S.K.: 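Below are the structure tokens for one structure; questions will follow.
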Amino acid sequence: MDVQLLLPPGVEPHHFEPKPDDLARIHRAALFVYIGPFMEPWADRVLSGLDRKKVQVVAAAQGVTLLPAPAHSGKAGHARDHDHDHGHQQQAEAHDPHVWLDFRIDQAMVARILEAFVAADPAGAVDYRKRAADLTEQLAKLDQSYQHGLANCESRVLLHGGHAAFGYLAKRYDLDYQAAAGVTAELEATPRRLAELVKQVRDYKVKAIFSEELVSPRIARIIAGETGTTVLKLHGAHNVAKEELEQGVTFSKLMEENLKSLQIGLTCKN
């Protein structure tokens with residue numbers, strides 16, 4: 001199969017809108033794989049015009065119970081032009097779409113994608129099943145590494161100066177997750193929320209603030225400047241930079257680097 005990444009490298013996915021060439025590629029495809037309507041709210045418009053007899057659609061996170069968005073939703077970074085788009089965005093902001101940061105959910109998504117590949121190309125079933133098994137094993141090992149690596153930490157407060165992307169990871173590994181804004185990157189931290197986070201840093205003696213890829217670290221640096229803490233990077237794997245793509249970076253590698261940052265920031269002994 002010829003697999004094409006619809007999202008260009010370096011593009012923040014919450015802001016992505018497909019261009020005419022992208023739409024043409026989707027209509028020519030045998031398979032269209034996406035996370036689901038909460039992560040890609042633009043997809044409903046595209047899928048409504050697809051010939052489902054020619055293009056098989058795979059919502060990889062179908063059936064996953066989504067976490068609610070955090071109560072502090074932040075403020076919108078820009079206004080929407082159309083009521084329809086605004087309604088779609090409000091629906092997307094009601095739930096946390098970042099399901100791939102729970103490695104058990106990833107294993108379920110691999111199984112769903114595998115099923116679609118086998119249906120589309122039965123002749124390749126043996127190879128697809130082998131590769132899916134290898135990937136599932138990698139994800140299970142990642143989960144074990146996180147369970148062990150985050151079991152004995154001085155702090156369990158994961159304080160993040162960005163949008164709320166790490167809720168699934170925090171829930172899986174029993175961390176108290178506090179983000180500056182809501183679940184989409186266009187939501188900005190309010191002054192009140194910033195003051196709350198500064199207070200939490202001091203109350204819980206937090207030693208590190210986390211920032212994320214493809215999003216400005218400005219908020220994390222403001223909090224760090226107010227509190228004398230360190231800024232560390234977490235990669236949400238929304239997308240990768242062009243350089244990372246060219247280097248062949250993998251999801252597993254990014255998550256291994258995240259674990260190292262978490263162990264430093266939370267002062268873990270493992």
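The model shown is predicted, which means the values in this text are computed figures rather than measured ones.
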S.K.: Contact between Leu197 and Ile219 at the side-chain level, heavy atoms closer than 4.5 Å - yes or no?
M.R.: no

S.K.: Please report the shortest heavy-atom distance between Ala164 and Tyr177, naming the atom on each side.
M.R.: CA-OH, 3.4 Å

S.K.: Looking at Tyr168 and Asp96, what are the two nearest heavy atoms and their distance?
M.R.: OH-O, 2.5 Å

S.K.: So that I can tick it off, tell me whether Lys130 and Asp127 are bridged by a salt bridge, with the cut-off set at under 4.0 angstrom between side-chain N and carboxylate O.
M.R.: no

S.K.: More than 12 heavy atoms of other residues, nucleotides or ligands under 6.0 Å from CZ of Arg218: is that the case?
M.R.: no

S.K.: Taking Gly236's backbone N and O only, do any of them form a donor-acceptor pair with Glu213's side chain (distance below 3.5 Å, no angle check)?
M.R.: yes

S.K.: Please check if atom CZ in Arg192 has more than 12 non-hydrogen atoms from other residues, nucleotides or ligands closer than 6.0 Å.
M.R.: no

S.K.: Taking atom types as modelled and ignoring hydrogens, do the side chains of Asp176 and Tyr204 form a donor-acceptor contact shorter than 3.5 angstrom?
M.R.: no

S.K.: Can any side-chain N or O of Arg156 pair as donor or acceptor with the backbone N or O of Tyr173 at less than 3.5 Å?
M.R.: yes

S.K.: Would you please say whether a donor-acceptor pair under 3.5 Å links the side chains of His238 and Glu12?
M.R.: no

S.K.: Taking the side chain from Gln107 and the backbone from Phe103, do they hold a donor-acceptor pair closer than 3.5 Å?
M.R.: yes

S.K.: Return the minimal non-hydrogen interatomic distance between Ala181 and Pro70, and the atom names on each side.
M.R.: O-CG, 4.4 Å

S.K.: Taking atom CE of Met109 and atom CG of Leu135, what is their separation to the nearest 0.5 Å?
M.R.: 10.0 Å

S.K.: Less than 4.5 Å apart, side chain to side chain, heavy atoms only: is that true for Asp106 and Leu142?
M.R.: no

S.K.: Check for a donor-acceptor pair, side chain of Ser261 on one end and backbone N or O of Lys233 on the other, with a separation under 3.5 Å.
M.R.: yes

S.K.: For Gln147, is the CD atom crowded, meaning more than 12 foreign heavy atoms sit under 6.0 Å from it?
M.R.: yes

S.K.: Does Lys199 come within less than 4.0 Å of Glu196, counting only side-chain N to carboxylate O?
M.R.: no

S.K.: Give a yes or no on whether the backbone of Leu114 and the side-chain of Arg131 come within a donor-acceptor separation of less than 3.5 Å.
M.R.: no

S.K.: Can you check whether Lys19's main-chain N or O pairs, donor with acceptor, with Asp22's side chain at less than 3.5 Å?
M.R.: yes

S.K.: Within the 4.5 Å heavy-atom criterion, are Met1 and Leu31 side-chain neighbours or not?
M.R.: yes

S.K.: Answer yes or no: is there an ion pair linking Asp102 with Arg104, defined by an N-O contact shorter than 4.0 Å?
M.R.: yes

S.K.: Out of the candidates Gln263, Glu154, His148, only one should pair with Cys268 under the side chain to side chain contact (heavy atoms under 4.5 Å, CB included) rule; please name it.
M.R.: Gln263

S.K.: Ignoring hydrogens and angles, tell me if any N or O in the side chain of Glu212 forms a donor-acceptor pair with the backbone of His163 under 3.5 Å.
M.R.: yes

S.K.: What are the two closest non-hydrogen atoms of Val46 and Pro18, and how far apart are they?
M.R.: CG2-CG, 4.1 Å

S.K.: Is the side chain of Asn239 donor-acceptor paired with the backbone N or O of Pro8 at a distance under 3.5 Å, no angle test?
M.R.: yes

S.K.: What closest approach, in Å, do Ala224 and Val231 show between heavy atoms, and which atom pair accounts for it?
M.R.: CB-CG2, 3.6 Å

S.K.: Is there side-chain contact between Leu47 and Val55, with at least one heavy-atom pair below 4.5 Å?
M.R.: no

S.K.: Can a salt bridge be assigned to the pair Lys260 and Glu257 using a cut-off of 4.0 Å between side-chain N and carboxylate O?
M.R.: yes

S.K.: State, yes or no, whether a side-chain contact exists between Ile264 and Thr230 at a heavy-atom distance under 4.5 Å.
M.R.: no

S.K.: If we only count heavy atoms from C-beta on, is the Leu67 to Lys171 side-chain gap below 4.5 Å?
M.R.: yes

S.K.: Can Glu244 and Lys253 be counted as an ion pair, charged N to O under 4.0 angstrom?
M.R.: no

